[in-house]
Protein chains: 2
Amino acid sequence: MSPTTTPAKSQSHVVISDPHPTTLSSAKVLEPRWERRKDARPGELAAAALELFIEKGFSATRLDDVARRAGVSKGTLYLYFDSKEELFKTVISEGIVSRIAEYEARMCEYEGSSADLLRDLISTWWEQIGATTLGGITKLMLSEAGNFPALAQYYHENVITRGMGLFDYVVKRGIERGEFRNVPTEYLPRLSAAPVVMLMLWRHSFDLCGCEQIEPKEYLALHTDMLIHALKLDPNQDKTSA
Amino acid sequence: MSPTTTPAKSQSHVVISDPHPTTLSSAKVLEPRWERRKDARPGELAAAALELFIEKGFSATRLDDVARRAGVSKGTLYLYFDSKEELFKTVISEGIVSRIAEYEARMCEYEGSSADLLRDLISTWWEQIGATTLGGITKLMLSEAGNFPALAQYYHENVITRGMGLFDYVVKRGIERGEFRNVPTEYLPRLSAAPVVMLMLWRHSFDLCGCEQIEPKEYLALHTDMLIHALKLDPNQDKTSA
DNA sequence: AAAATTACTGACTTATCAGTCATTAAGATA
DNA sequence: TATCTTAATGACTGATAAGTCAGTAATTTT
């Protein structure tokens, strides 16, 4: 190993960066062993941590691995985060909230039918969150809720409740405008969201280990159709359902 | 605790069997420090482990805690299980499979309407699995699927696939008998099960940390109604849906 | 009652990993 | 080019927890 340098002594910090292994130009560049990228590190570390937390869970994730995946040493990680737990909190708190806020705004301006809005909500959710890394946060938070109750409450208030709120808005809008039949709305948002959430969870669990894959487009299309069908006005009556 | 015995005990096996503490009857009973219960231990250990795995996850659960909850020492745990991983596998593999087999048998004999069968399936599932400790296994397996791919596959084949099979049977039965409209059945079992599974997950995560509770009966009743409504025959047509 | 058996104990060993810090070198400044 | 600042390193420490085993005592057998 290391043909040109490093006699024996595998000592501290003596490793050579093997600039140009074969050519003669070796003395020329000597590209640095590492770069100073103060601004980029936190984001890269958080992204690496998110991936590993989702994959292995909080406890089973080693900070050495997080650091390596982000291309730095563990010491560097501790320059930017005080502890493993703080890193976890950072990772959870980012990302999803802003997407929800965006959609809340978009929804207020919407003019078309409530059925179409529902379709749009579900497909947008999938594209913006479910299909991305953010989708894994749900699984992560679900697994760790018991170990981080305060964080779980934060997540519940800022992500789950507001996410349900989107569905709530659509359903109520549909009923008010006479497009949907008047079902009890208490648990309707949860029911509408459940299949979407399950799909996200699936993708970050059984999907990975060679089990059958789900085709998101088809699955969600069927869900949406079923939902709209279930909300259709009864043609021959106007009494509310049981 | 143990009013008559155990004075201080902190030493290495030197504990004295309590000469004459206060009463005169002391010599009489001298209840043993522990009992030999070879047959009961594995079950008790597995039950304790299940609870803690569900609560904290696999990695975050300490075997000392498992042993203590089962009322034995860690050494005893290792008399009955070779490793933490084996304990985990045992805990996962037991329980649910037999419930599913039971229901498969019951379902074959069923005579009534498919809508009623669907209602029965969902409420039975909830009572037999969801509302019991078994419900937590789902969350556990979901969290740990990435760390135990082989076990995840086993679970997928023996629990998930067969559980979905129950829904599949009902839906196909309904369509064949002309009770339900002819929707594409590929993902219908998943969609029917998703809200039930989500409810189980919820109970073992956010439900615990002071977040809003779900009322299972109402939630499941609405789900069932929505589902049956979505599967109702279209009154004025017999074309299949998109 | 004494001897034999074995379920059970808990201190110990060992490995792992979160968190620290003295040292190093990249890049800015003079 | 030399000097200075500080981002980055990685060997080290201490704590925690999986797994072991010599010893102890509950129960059975004689």
Side-chain angles (χ1 to χ4, degrees), chain A residues 6 9-19 29-45 48-49 52-53 56-91 147, chain B residues 2 5-6 8-18 29-45 48-49 52-53 56-89 147:
Chain A
T6 333
K9 145 173 178 165
S10 63
Q11 264 289 4
S12 57
H13 306 171
V14 192
V15 187
I16 17 52
S17 50
D18 183 32
V29 185
L30 258 186
E31 58 205 23
R33 240 165 273 160
W34 41 264
E35 291 176 289
R36 315 176 98 189
R37 293 170 56 243
K38 189 180 162 72
D39 295 338
R41 299 301 186 202
E44 292 172 1
L45 284 161
L52 284 165
F53 285 153
K56 299 166 146 18
F58 176 77
S59 281
T61 296
R62 285 166 306 188
L63 293 186
D64 270 311
D65 291 341
V66 172
R68 193 179 316 127
R69 182 167 297 200
V72 296
S73 71
K74 192 168 55 168
T76 300
L77 194 158
Y78 275 91
L79 289 178
Y80 299 105
F81 298 92
D82 287 344
S83 67
K84 190 181 184 186
E85 193 164 328
E86 197 218 304
L87 177 62
F88 181 71
K89 288 176 182 166
T90 301
V91 149
N147 297 325
Chain B
S2 57
T5 37
T6 328
K9 130 162 179 181
S10 59
Q11 269 290 3
S12 59
H13 305 173
V14 192
V15 186
I16 14 52
S17 36
D18 183 31
V29 185
L30 260 186
E31 56 205 22
R33 240 166 273 158
W34 42 264
E35 293 175 288
R36 315 176 96 188
R37 295 170 55 244
K38 188 180 162 73
D39 295 338
R41 299 301 188 202
E44 292 172 1
L45 283 161
L52 284 165
F53 284 154
K56 299 166 145 21
F58 175 79
S59 281
T61 295
R62 285 167 305 185
L63 293 187
D64 270 311
D65 291 342
V66 172
R68 193 180 317 129
R69 183 168 295 202
V72 296
S73 70
K74 192 169 57 170
T76 300
L77 194 159
Y78 276 92
L79 290 177
Y80 299 105
F81 299 93
D82 288 345
S83 67
K84 191 181 183 185
E85 192 163 329
E86 196 218 305
L87 177 62
F88 182 70
K89 288 176 182 167
N147 297 325

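This structure is a prediction, so every number in the text was calculated from the model and none was measured. Lettering of chains follows the sequences in order, A, B, ..., and the numbering in each one begins at 1.
- Note: CD (B:E85) to P (D:dG19) measures 9 Å, nearest angstrom.
- Atom CG of B:L79 is separated from atom P of D:dG19 by 14 Å (rounded to the nearest Å).
- Look at CZ on A:F81: it is 15 Å from P on C:dA18, rounded to the nearest Å.
- Counting heavy-atom neighbours within 6.0 Å of B:E86 CD, excluding the residue itself, gives a total above 12.
- Atom P of nucleotide C:dG27 and atom CZ of A:R33 are separated by 12 Å, given to the nearest angstrom.
- Ring planes of A:F53 and A:F58: tilted class, angle from 30 to 60°.
- Within 4.0 Å (heavy atoms only), B:L63 reaches sugar-phosphate atoms of the nucleic acid but no base atom.
- Between B:S59 and A:A60, the shortest heavy-atom contact is OG-CB, 3.4 Å.
- B:Y80 has its OH atom 4 Å from the P atom of C:dC8, to the nearest Å.
- Within residues 65-74 of chain B, the residues having any heavy atom under 4.0 Å from DNA chain D are, by residue number, B:K74.
- Along DNA chain D, the nucleotide nearest to B:Y78 and the one nearest to A:T76 differ in position, and the one closer to the 5' end is contacted by A:T76.
- Taking each heavy atom of B:L87 and B:V66 in turn, the nearest pair found is CD2-CG1, 4.4 Å.
- Residues B:W34 and B:R36 are in side-chain contact: their nearest non-hydrogen atoms beyond the backbone lie under 4.5 Å apart.
- Applying the 3.5 Å distance criterion, the base of D:dT6 shares a donor-acceptor pair with the side chain of A:R36.
- Between the CZ atom of A:R62 and the P atom of C:dA15 there is a distance of 15 Å, rounded to whole Å.
- For the pair A:K38 and A:Y80, the tightest heavy-atom approach, listed with the atom from each and the gap, is CA-OH, 3.3 Å.
- Contact detail for B:T61 and B:G57: the closest heavy-atom pair is OG1-O, 2.6 Å.
- If you check every strand for non-hydrogen atoms under 4.0 Å, A:T61 touches sugar and phosphate atoms only.
- Between B:D64 atom CG and D:dA18 atom C1' there is a gap of 9 Å when expressed in whole angstrom units.
- Between A:R41 and D:dA8, a side-chain N or O to OP1/OP2 separation shorter than 4.0 Å is present.
- Atom-to-atom, NZ of B:K38 to C1' of D:dT27 comes out at 14 Å; the value is rounded to the nearest Å.
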